[in-house]
Amino acid sequence: MHRWLLPLTVAVMLAAPAAPSLAEDGADLILQHGVFYTVQPAGRVKGSLAVRKGRIVYLGSDARAELLKGPHTQVYDLEGRAVTPGLIDAHSHLLGLGRALSEVDLTGALSYEEVVRRIQAAAARVPAGTWVRGRGWDQNRWQDKRFPTHEPLSAAVPGHPVWLTRVDGHAALVNAAAMRLLGLDATTKDPAGGRILRDEAGQPTGVLVDRAMGLADRLPGPTAEERQRWLTAAAQHCLAFGLTTVTDMGVSQGDYDAYAALRKAGKLPLRAALFLTDDEALLNRWLAHAPEIDPDARLTVRGVKLYADGALGSRGAALLEPYNDDPGNLGLLVTPGDHIEEVARRAAAAGYQIGIHAIGDRGALVAIDAMEKAMGGRPRPELRFRLEHTQVVRLQDLERMARLGIIASMQPTHATSDMPWAEARLGARRLERAYAWRKVLNDGGRLALGSDFPVESADPRLGLYAAVTRQDLRGNPPGGWLSAEKLTREEALRGFTLDAAWSLFLDQEIGSLQVGKRADLTVFARDIMEVPAAEIPKVQIFMTIVDGAIVHLGEVP
C-alpha cells in the first residue's frame with residue numbers, strides 16, 4: 001500500500017453513510033479524480049470530494065461521488081492534481097502586507113546605495129513634501145553590515161520626508177526632512193524598550209529601533225479607505241498563493257473597523273483571525289466583553305498580541321548573555337513581565353488568548369514565566385496561549401512550553417533568511433537551540449507555522465520548502481542548516497493546516513479534509529507532497545477555495 005494511501009475502509013468512513021439522495025444531498029461542487037491529503041486522519045484519498053453549502057459532504061471514490069451530481073453541480077476534473085486543506089498562515093500581518101504592497105519595495109537590495117537609488121526614483125514621481133515610505137532593507141545583505149546613517153539618503157532626497165522600515169519591522173531609517181517633522185534631535189530621549197542610534201557627537205543617525213519607532217505616532221494615520229484598499233490587495237495576494245486563512249497580529253480599532261466594513265459588505269474573501277494590539281484603551285474596550293466569534297468563521301477577534309523583546313537582525317532580541325558580535329548589548333526587553341502577566345490574566349478571564357513575540361532566550365524566559373503565572377502554575381492547554389517566533393529558547397523552557405500547553409508559533413523562512421548571520425549574533429553554542437522545530441515536537445509541543453509576512457514572503461510554498469530542507473532556494477547549505485531540526489512533509493503540512501487552525505481556535509471548522517468541515521481547499525498543479533523537495537516552491541497553485549467557492553483559479557499548467 002502506498003505510504004500516503006488511506007485504507008479503503010477509512011475512505012468509506014469519510015463518505016456519506018448511506019446512498020445519497022439528490023434532493024437532500026446533491027453537491028454544489030465536486031472535485032473529481034484528485035489526490036486529497038486529509039491531514040486528519042493522516043494520509044491521502046484518491047478520488048473525489050464533494051461540497052454542499054460550503055461544507056465537505058463527501059470524500060471517497062469517484063464512483064460514489066457520481067451519485068451526488070445534480071443539474072446545478074459544478075464538476076472539476078483535477079486529472080490527478082493534489083489537494084490539501086486550505087493553507088493557513090498562523091502569524092502574519094495582512095494590513096501590513098497591503099501597506100507594504102503600496103510602498104517602495106527594498107527587499108533584496110544588496111547595498112545602501114541601491115536602497116537610496118530606489119527611494120530617489122520613487123520620490124521623483126511625487127510632489128515635494130510628500131512622504132516616501134519603503135520597506136525591506138537589511139544591512140546584513142550588504143558588504144558593509146553596519147546600520148546605515150541618514151546622510152546619503154538626506155542628500156539624495158532632501159525635499160521629501162522618508163520612512164524606511166527594516167525587513168523585520170523592528171527598526172526604521174529616516175532622513176533629515178523626516179527627523180525635522182518628527183521632532184527628532186540630540187535632545188530626544190530613548191523610550192523604554194527602544195533605542196535611537198546616535199553618532200559620536202550624540203546626534204541621531206536616523207535609525208530607530210523597536211519602541212523608538214513610536215515617534216511615527218505623531219503623524220496622521222491611514223484613512224479608513226486606505227486601510228480597506230490595503231486589505232483588499234493583500235487578500236488577493238494571499239489567495240493567489242493558496243492561503244485561505246491568515247492572521248493579523250496587533251490590530252488597532254481603526255484596523256478592525258476596516259476589516260468589519262469589508263466583512264459586512266461581503267468583500268473579505270478569506271478568513272482572518274485578528275489579535276488586538278497591546279493598547280490600554282483598546283484592551284479596556286474589548287476585554288469588557290466576550291471575543292467576537294463570526295458564526296461563519298470569516299472574521300474572528302479573540303487574541304491579544306504583546307511583545308517581550310525586539311528582533312535578532314537589529315540586535316533588539318533580549319538575550320541572557322551578550323550578543324556574540326556586540327559584547328556590550330543584551331538586546332531590549334520591550335514589555336515588563338508583570339504587564340504581560342496582567343494582560344494574560346485579563347485576556348484568559350474574558351475568553352481571549354495571547355500571543356507574545358519572543359525571539360531571544362531572555363525574552364522567551366520573561367514571556368513564559370508570565371504565562372505560567374497567569375495559568376496559575378499549572379498546564380492550561382485550553383487557553384491556547386502562544387509564543388510567537390520561539391527563535392532562541394533554552395532547552396528547559398521548550399520543555400516547559402510543552403508541559404504548560406503553550407503553542408510554539410514559528411516561521412520556517414525566518415531560519416533560512418537568518419542563517420547567513422545568526423551564528424555571528426549568537427555564537428555556535430546558543431545556535432544549537434535556535435529555530436528548533438524538531439525539539440518542539442520531540443518535547444510533545446505543538447507547532448503552528450506561518451511566515452510573518454510582510455517580513456517574509458506570504459508564499460506558503462516557501463515555508464513548506466524551508467521546513468523540510470532548511471536550505472535557501474539555491475539548495476544551500478548542502479544537507480540543510482542545523483539539519484537535525486528538519487520537519488517531514490507531513491509535519492510541515494500539519495503545521496500550516498490543522499495545528500495552525502488549533503492555534504486560532506478554528507480546528508473544528510477548518511484544517512483537515514473531513515466530512516462536516518468547511519470546504520477550504522488548496523489545489524496544486526502537481527503533487528507537492530511527492531515532487532522532489534527542490535521543486536516544492538515551483539509547484540503552481542491551481543485553485544484556491546474558501547467555503548466551497550473558488551476564489552482563485554490559476555492557469556492550467
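- Judged purely by distance below 3.5 Å, without hydrogens or angles, the side chains of Gln471 and Thr416 never pair a donor atom with an acceptor atom.
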Determine, step by step, whether Leu365 and Asp361 satisfy the side-chain contact (heavy atoms from CB on, under 4.5 Å) criterion, reporting the C-alpha distance in whole Å, the side-chain angles of both residues, the deciding distance to 0.1 Å, and the verdict.
CA-CA 6 Å; Leu365 176 61; Asp361 49 11; over 6 Å; no

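- With respect to the salt-bridge test (charged N to carboxylate O, under 4.0 angstrom), the residues Lys305 and Glu388 do not qualify.
- Residue Asp452 comes nearest to His93 through the heavy atom pair OD1-NE2, 2.9 Å, listed as atom of the first residue, atom of the second, then distance.
- Because its NZ or CZ atom is not both nearer than 6.0 Å to the ring centre of Tyr352 and within 45° of the ring axis, Arg302 does not count as a cation-pi partner of that residue.
- Distance check, rounded to the nearest 0.5 Å: OG1 of Thr522 to CD1 of Ile545 gives 8.5 Å.
- Scored by the ring pair (Phe, Tyr, Trp, His ring centres under 6.0 Å) test, Tyr307 finds His170, His357 as partners (sequence neighbours excluded).
- Considering only heavy atoms from C-beta on, Gln139 stays 4.5 Å or farther from Leu173 through its side chain.
- Ile407 is not listed as a side-chain neighbour of Asp499, based on a closest heavy-atom distance of 4.5 Å or more.
- Taken to the nearest 0.5 Å, the CZ atom of Arg315 stands 10.0 Å off from the CG atom of Leu197.
- Side-chain atoms of Gln540 and Arg81, non-hydrogen and from C-beta on, never get closer than 4.5 Å to each other.
- Within 6.0 Å of NZ on Lys145 lie more than 12 heavy atoms contributed by other residues, nucleotides or ligands.
- By the 4.5 Å heavy-atom criterion applied to side chains, Glu535 and Ile528 are not counted as neighbours.
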With a cut-off of 3.5 Å and sequence neighbours excluded, list every side-chain donor-acceptor pair involving residues 123-137.
residue: Arg125; atom: NH1; partner: Ala121; partner atom: O; Å: 3.3
residue: Thr130; atom: OG1; partner: Pro127; partner atom: O; Å: 2.8
residue: Trp137; atom: NE1; partner: Leu164; partner atom: O; Å: 2.9

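- Checked options Thr544, Leu270, Val551, Ile510; the residue passing with Thr244 is Thr544 (criterion: side chain to side chain contact (heavy atoms under 4.5 Å, CB included)).
- What you find for Ala367 and Ile356 is that their closest heavy atoms are CB-CG2, 3.6 Å.
- The only member of Arg198, Arg195, Arg211 that meets side chain to side chain donor-acceptor pair (under 3.5 Å) when paired with Asp190 is Arg198.
- For Ser92 and Thr247, the side-chain atoms include at least one donor-acceptor pair closer than 3.5 Å.
- Across Glu292 and Tyr256, no two heavy atoms sit closer than the pair OE1-OH, 2.6 Å.
- Rounding to the nearest 0.5 Å places CG of Leu299 at 5.0 Å from CG of Leu274.
- Electrostatic pairing of Arg298 and Asp547 counts as a salt bridge here, judged by a charged N lying under 4.0 Å from a carboxylate O.
- Other residues, nucleotides and ligands place no more than 12 heavy atoms under 6.0 Å from the CZ atom of Arg141.
- Side chains of Ser154 and His150: a donor on one and an acceptor on the other come within 3.5 Å.
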Please evaluate residues Thr413 and Gln411 with respect to the criterion side chain to side chain donor-acceptor pair (under 3.5 Å), reporting the C-alpha separation (whole Å), side-chain torsions for both, the decisive distance (0.1 Å), and the verdict.
CA-CA 6 Å; Thr413 48; Gln411 299 75 47; over 6 Å; no

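- Nearest approach of Ala364 to Val393, heavy atoms of both residues: CB-CG2, 4.1 Å.
- Partners of His160 under the ring pair (Phe, Tyr, Trp, His ring centres under 6.0 Å) rule, at least two apart in sequence or in another chain, do not exist in this structure.
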Apply side chain to side chain donor-acceptor pair (under 3.5 Å) to residues Thr107 and Asp105 and explain how you reach the verdict.
CA-CA 6 Å; Thr107 56; Asp105 184 7; 2.6 Å; yes

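- The cationic group of Arg470 lies under 6.0 Å from the six-membered ring centre of Trp437 and within 45° of the ring axis, placing it in a cation-pi geometry.
- Look at Glu225 and Arg229 and you find no salt bridge, because none of the NZ, NE, NH1 or NH2 atoms lies under 4.0 Å from a carboxylate O.
- Nearest heavy atoms, Pro537 versus Leu473: CG-CD2, 3.8 Å.
- Residues Asp255 and Arg227 are paired through a salt bridge, judged by an N-O separation under 4.0 Å between the basic side chain and the carboxylate.
- For CZ of Arg218, the number of neighbouring non-hydrogen atoms (other residues, nucleotides, ligands) closer than 6.0 Å is greater than 12.
- Checking Thr390, Asp418, Asp168, Leu312 one by one against Ile359, the side chain to side chain contact (heavy atoms under 4.5 Å, CB included) holds for a single residue, Leu312.
- For the pair Trp142 and Ala109, the tightest heavy-atom approach, listed with the atom from each and the gap, is NE1-O, 3.1 Å.
- The line from CD of Glu103 to CD1 of Ile119 is 9.0 Å long, rounded to the nearest 0.5 Å.
- Taking the side chain as every heavy atom from C-beta outward, Phe275 and Val304 never approach each other to under 4.5 Å.
- Partner Glu321 forms a salt bridge (Lys or Arg N to Asp or Glu O under 4.0 Å) with one of Arg429, Arg362, Arg430, Arg394 and no other, that one being Arg429.
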Apply side chain to side chain donor-acceptor pair (under 3.5 Å) to Ser451 and Asp89, showing your working.
CA-CA 7 Å; Ser451 67; Asp89 196 307; 2.6 Å; yes

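- Here the side chains of Thr188 and Pro204 are not in contact, with every heavy-atom distance at 4.5 Å or above.
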Applying side chain to side chain donor-acceptor pair (under 3.5 Å), run through Asn140 and Arg425 and close with a yes or a no.
CA-CA 11 Å; Asn140 293 309; Arg425 294 283 191 278; 3.1 Å; yes

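- With a 4.5 Å cut-off on side-chain heavy atoms, Met213 and Trp163 count as touching.
- Side-chain contact between Leu239 and Phe241 is absent, with no heavy-atom pair separated by less than 4.5 Å.
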